[in-house]
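Labels below follow one simple rule: chain letters A, B, ... track the order of the sequence lines, proteins then strands, and each chain is numbered from 1.
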Amino acid sequence: MTITRRTILKGAAAAGSAALASPVFIRNAFAEDPIKLGTVFDISGIFDAYGKPIDMAVQLAVKQLNDGGGLLGRPIEHIGYDTQSNMALYTQYAQQLTRQVKVDVVHGGILSASREAIRQTLRRANTLYFYNIQYEGGVCDRNCFITGVTPAQTTEVQIPYTMEKWGKKVYILAADYNYGQLMARWIQKYFKDNGGETVAVDFFPLDVADFGSTITKIQTAAPDMVYSALVGGAHLSFYRQWAAAGMKSRIPLASTTLGVGSEHLVLTPEEGDGIVVCYNYSPELDTPANKAFTTAWGEMHGAETIPNIHELAVSNYQGIMLWAEAVKAANSVEHDSLITALDSGLSYEGPAGMVTIDPKTHHATLDVHLMEMRDQKLNVIKSFGAREPIDTQLVCDLVANPDDNQQYEIDI
Amino acid sequence: MDLAAVFILEILYSIAVLVLISAGLAVVFGMMRVINLAHGEFMMMGGYATIVAVKAGVNVYVAMLIVAPLAVGLIGLVVERLVIRFLYGRLVDTMLATWGLSLAFTGAAVMIFGNTTTGVSTPIEGFTLGAYQINGYNFFIIIVSILLLVASYIVLRGTRLGLVARGTMQSADMASALGYSPDRVYMTTFFVGSALAGLAGGVLAPLVGLVPTWGTLYIAKAFITVISGGASIVLGLLSSATVFGLVSQTFTFLSGPVIGEVALLVAAIVLLRLLPQGITGRFFKGRL
């Protein structure tokens, strides 16, 4: 048998492929496999004022994680879908993420309706789901982690502050849907608990833009303050008409919604100054964590976008970072080990303060900050540490009842 | 006593707003029989024209009363030349075409201005009436509406232009035989109608947060007002706006804004059941 050059080459090739197929190489190739992070948000369409900054926050979080070497030595691959403010696309994209892309976790949803549209799909697919938005409370689902604030977390401290400052009688204006109706009940409850009283509650369909007669009615009732849970562009007219009538100096305003979509940038200082709100985040927070966050945001997206950072964006950033902490703690992206890690009292110090998961409800324990609008900024007056999701705790106990899967309507 | 004065003022304001938002439609739909489903979007563009002009340093009154109507009138002119003029007399087709236009305008506004709320602050201070604070801008809107009605009446009644326009709408062939070009009359009338919609948008802009979908808030009310008003343009507008302003404001006052809106719709249904030709189909018949 003669050994030709060709046989030698063949042998070398065979040896080479054998080496490639050996377990050592396989493990290394696997280690390079990215961890897949899926997101679904309304980045365009009528909710884009909420969705665009959220998307920017997600990009920042993924970049920072990857710059730090990824998780478990693997890079993070972000697969993001834009649902275009179209509810039907939520279910479609959620299924695509779980069935085709096979992501390791999904962060997504803005409105409560979009959360409920995809929550069950993700639960059935056994894919971990994070909803990082402030909402009306009550969701009880072991597969779902919620890192936004719920009504009681904020109003319970906001109301005693405003009552001490302004008086006992409140007039409530609220948007006429799930959130507004529930919020109005929480406001009434906390006024009553603190010895105050509600003189009237008015609900407004989302497209009402004329508040003239309401302003007269409020004057007839002569409350000490007005609480507004109004929502969206049309309702912004209220603040404008209130200021135009010269009411700002007569009856003070507090809100549970104004500013979450950066509305204070649209109102002029004369229209917005002095309105008291209470949220998890303000770009004005004077902490090292927030400074680092806004600087990094400015470097990535441009300094001019920093005033657009709102609570919903930061909440999603914190949600992703908290998930990353859980992956590190569990040393795995496996579904049940991650839930165990998150339930162990894991916490993350974010731009808005400490975020800790409450194992009973899978909601977050968060810091909240009382703020006053001044010159189109949300200036922090006072901070309250580690507020538990007390409203959802009334109805939900996942430790005792891990198979629970519904959104409770909290009886107030 | 103070409350009564405030209440009357609110009703007058409510009537004035209805007159303002319906005036352009009364010309385009009432006179020309073109169902303009893009009327609300014309208003929205008037609002944006005002805001853009104010932010560029133009005086707010000039922006509202001159820039907005002119800008929207010119857009209306282009729309008439490119789309509407092929569709005169074809109600359903104009409806579809203008619906498409309304979607396109909303989309364009989203592309240009983004989907965020914008606005300018109200230029008139609030003032005190007895124990109440009142929005001073309400007076401005009431005055603009009165001037608008008076001007329309004078133009339609007293000038040759108005006479020719009315004549052409009644019988285009006859106008043509008498040497007037119906094409040009239609074009001018559509321009005026669009400009009036632009004016409404401009004047209302300082009261609200403006979004690209803002027009949809007003389109239904404008149509209800014009249809219930009936054939006479000025008197029809005034009478139906008075009825609806009174009804909606009274119920809003007694109960709340939801009931106020419902009351307006119920009033419109009852009115049209009793007077299918609108208010001026029965009363003030044949008057302007």
Side-chain angles (χ1 to χ4, degrees), chain A residues 42-53 85 173 176 200-220 222 230 232-251 261-263 265-272 308, chain B residues 2-3 6-7 9-11 13-14 17 106 110-111 114-138 140-141 204-214 216-218 220-221 248-258 260-262:
Chain A
D42 304 307
I43 302 166
S44 58
I46 54 170
F47 304 127
D48 73 340
Y50 300 130
K52 269 187 190 147
S85 306
L173 309 175
D176 197 4
V201 187
D202 277 354
F203 292 106
F204 299 86
L206 287 169
D207 58 355
V208 164
D210 188 357
F211 291 88
S213 55
T214 306
I215 291 172
T216 311
K217 272 173 77 179
I218 295 173
Q219 297 183 55
T220 315
L230 297 170
H235 285 180
L236 205 60
S237 313
F238 168 73
Y239 304 98
R240 183 149 285 153
Q241 289 164 19
W242 183 257
M247 289 302 299
K248 287 266 332 268
S249 53
R250 296 201 156 197
I251 301 176
S262 298
E263 291 92 346
L265 301 178
V266 178
L267 294 176
T268 61
E270 300 84 63
E271 288 161 350
N308 291 323
Chain B
D2 299 343
L3 185 60
V6 172
F7 182 57
L9 200 70
E10 287 290 342
I11 289 175
Y13 162 76
S14 184
V17 168
T106 309
V110 172
M111 266 160 51
N115 217 318
T116 44
T117 320
T118 50
V120 286
S121 52
T122 320
I124 298 175
E125 295 269 304
F127 67 95
T128 316
L129 191 121
Y132 290 89
Q133 278 293 122
I134 299 182
N135 191 342
Y137 199 71
N138 289 4
F140 178 71
I141 287 187
L204 290 177
L207 274 180
V208 295
L210 199 59
V211 281
T213 49
W214 185 63
T216 49
L217 300 184
Y218 295 96
K221 272 190 205 162
S248 74
Q249 211 58 4
T250 309
F251 278 88
T252 306
F253 224 77
L254 293 176
S255 167
V258 183
E261 301 270 296
V262 172

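Contact annotation for B:Ile124: only backbone heavy atoms (N, CA, C, O) come within less than 4.5 Å of a heavy atom of chain A. Residue B:Pro123: no heavy atom, backbone or side chain, is found under 4.5 Å from chain A. Interface remark: A:Thr216 contributes backbone and side-chain atoms alike to the contact with chain B (heavy atom separation under 4.5 Å). Heavy atoms of A:Phe47 lying under 4.5 Å from chain B are absent altogether. Using a 4.5 Å cut-off between heavy atoms, A:Gln219 contacts chain B through both its backbone and its side chain. Contact of B:Tyr13 with chain A is made through the side chain alone, with heavy-atom distances under 4.5 Å.
The choice from B:Thr216, B:Leu217, B:Val211 that makes the most heavy-atom pairs within less than 4.5 Å of chain A is B:Leu217. The candidate from A:Ala245, A:Gly261, A:Ser237 with the greatest count of non-hydrogen atom pairs under 4.5 Å with chain B is A:Ala245. Among the candidates B:Asn138, B:Val120, B:Val6, the residue making the largest number of heavy-atom pairs closer than 4.5 Å to chain A is B:Val120. Top candidate by heavy-atom pairs under 4.5 Å with chain B, chosen from A:Gly246, A:Ala244, A:Ala49, is A:Ala244. Contacts with chain A were tallied for B:Thr252, B:Thr122, B:Leu207; B:Leu207 has the most, counting heavy-atom pairs under 4.5 Å.
Taking the six-membered ring where the residue is Trp, A:Phe238 and A:Trp242 present tilted rings, their angle falling between 30° and 60°.
Side-chain N or O atoms of B:Glu10 include none that pairs as donor or acceptor with a backbone N or O of B:Thr250 at under 3.5 Å. Not a single donor-acceptor pair under 3.5 Å links the side chain of A:Asp176 to the backbone N or O of A:Pro205.
Identified under the side chain to side chain donor-acceptor pair (under 3.5 Å) test for residues 124-135 of chain B, with sequence neighbours left out: A:Thr220-B:Tyr132, A:Arg250-B:Gln133, B:Thr128-B:Gln133. Within the structure, salt bridge (charged side-chain N to carboxylate O under 4.0 Å, His left out) contacts touching residues 210-220 of chain A (residues at least two apart or in different chains) are A:Asp202-A:Lys217.
The two atoms that bring A:Pro53 and A:Asp48 nearest to each other are CD-O, 3.9 Å, heavy atoms only.
Ion pairing of A:Lys248 with A:Glu271 is absent here, as no side-chain N (NZ or NE/NH1/NH2) approaches a carboxylate O to less than 4.0 Å.
To the nearest 0.5 Å, atoms CG (A:Leu230) and CG (A:Leu173) are separated by 5.5 Å.
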